[in-house]
Amino acid sequence: MSYEEDRSALHKRLDDFETRLAEKERAIAKRGAVPPHHRERIDEIYAKARATRAKLSGSQETAWDSVKDEVEADVESLAATFEDWLERVDQDWR
């Protein structure tokens with residue numbers, strides 16, 4: 001893939017991820033106040049997503065090869081953190 005295609009694909013993954021997070025946050029809030037331990041985790045995950053997006057947006061084509069693997073690893077880590085948190089939320093609500 002080209003530089004623009006790589007960046008576009010990663011931006012889309014982040015968009016999709018943030019949509020899923022927001023949907024889960026709304027679902028939890030429908031049950032009442034979001035418990036503090038979940039609020040803290042939600043805020044932490046949003047912060048990681050913003051940091052990853054900033055790193056992605058700040059990358060330049062000339063440096064992309066050196067940053068690409070790092071950004072991709074950040075997106076994978078973010079997804080794993082989110083999935084782990086989802087499991088904990090589901091356990092709390094069972």
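These figures come from a predicted structure and were not determined experimentally. The first residue in the sequence is number 1, and the count goes up from there.
- The neighbour count for R39 CZ, taken as heavy atoms of other residues, nucleotides or ligands under 6.0 Å away, is above 12.
- Not a single donor-acceptor pair under 3.5 Å links the side chain of S77 to the backbone N or O of A73.
- The local environment of CD in E83 is crowded, with over 12 non-hydrogen atoms from other residues, nucleotides or ligands closer than 6.0 Å.
- A pairwise comparison of heavy atoms in I28 and P35 identifies CG2-CD, 4.1 Å as the closest pair.
- There is no side-chain donor-acceptor pair under 3.5 Å between Y46 and R50.
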Steps toward side chain to side chain contact (heavy atoms under 4.5 Å, CB included) verdict (L14, L78) = CA-CA 9 Å; L14 284 169; L78 188 58; 3.7 Å; yes
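- Summarising the geometry, atom CG belonging to L21 is positioned 9.5 Å from atom CZ belonging to R26; distances are rounded to the nearest 0.5 Å.
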Walk me through it: do H38 and W85 pass the test side chain to side chain contact (heavy atoms under 4.5 Å, CB included)?
-> CA-CA 8 Å; H38 288 305; W85 174 74; 3.2 Å; yes
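- For the atom pair CD of Q60 and OH of Y3, the computed distance is 7.0 Å after rounding to the nearest 0.5 Å.
- A salt bridge does not link E23 to R20: none of the charged side-chain nitrogens sits closer than 4.0 Å to a carboxylate oxygen.
- With respect to the salt-bridge test (charged N to carboxylate O, under 4.0 angstrom), the residues K12 and D16 qualify.
- A distance of 3.5 Å separates CG of L56 from NE2 of H11, quoted to the nearest 0.5 Å.
- You'll find the side chain of D6 stays beyond 4.5 Å of the side chain of V71, heavy atoms only.
- Screening E72, E18, E76 against R13 for a salt bridge (charged side-chain N to carboxylate O under 4.0 Å, His left out) leaves a single residue, E76.
- Of the inter-residue distances, the one linking R41 atom CZ with F82 atom CZ reads 11.5 Å to the nearest 0.5 angstrom.
- Surrounding CD of E44 are more than 12 heavy atoms belonging to other residues, nucleotides or ligands, all under 6.0 Å away.
- Contact of the F17 side chain with the I45 side chain is registered, since non-hydrogen atoms from C-beta on lie closer than 4.5 Å.
- Looking at heavy atoms from C-beta onward, R53 lies in side-chain contact with S57 at the 4.5 angstrom threshold.
- A donor-acceptor pair is defined here as one N or O able to donate and one able to accept, closer than 3.5 Å; such a pair exists between the side chain of T19 and the backbone of D15.
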Please walk me through it: do K24 and I42 pass side chain to side chain contact (heavy atoms under 4.5 Å, CB included)?
-> CA-CA 10 Å; K24 191 63 171 185; I42 290 167; over 6 Å; no
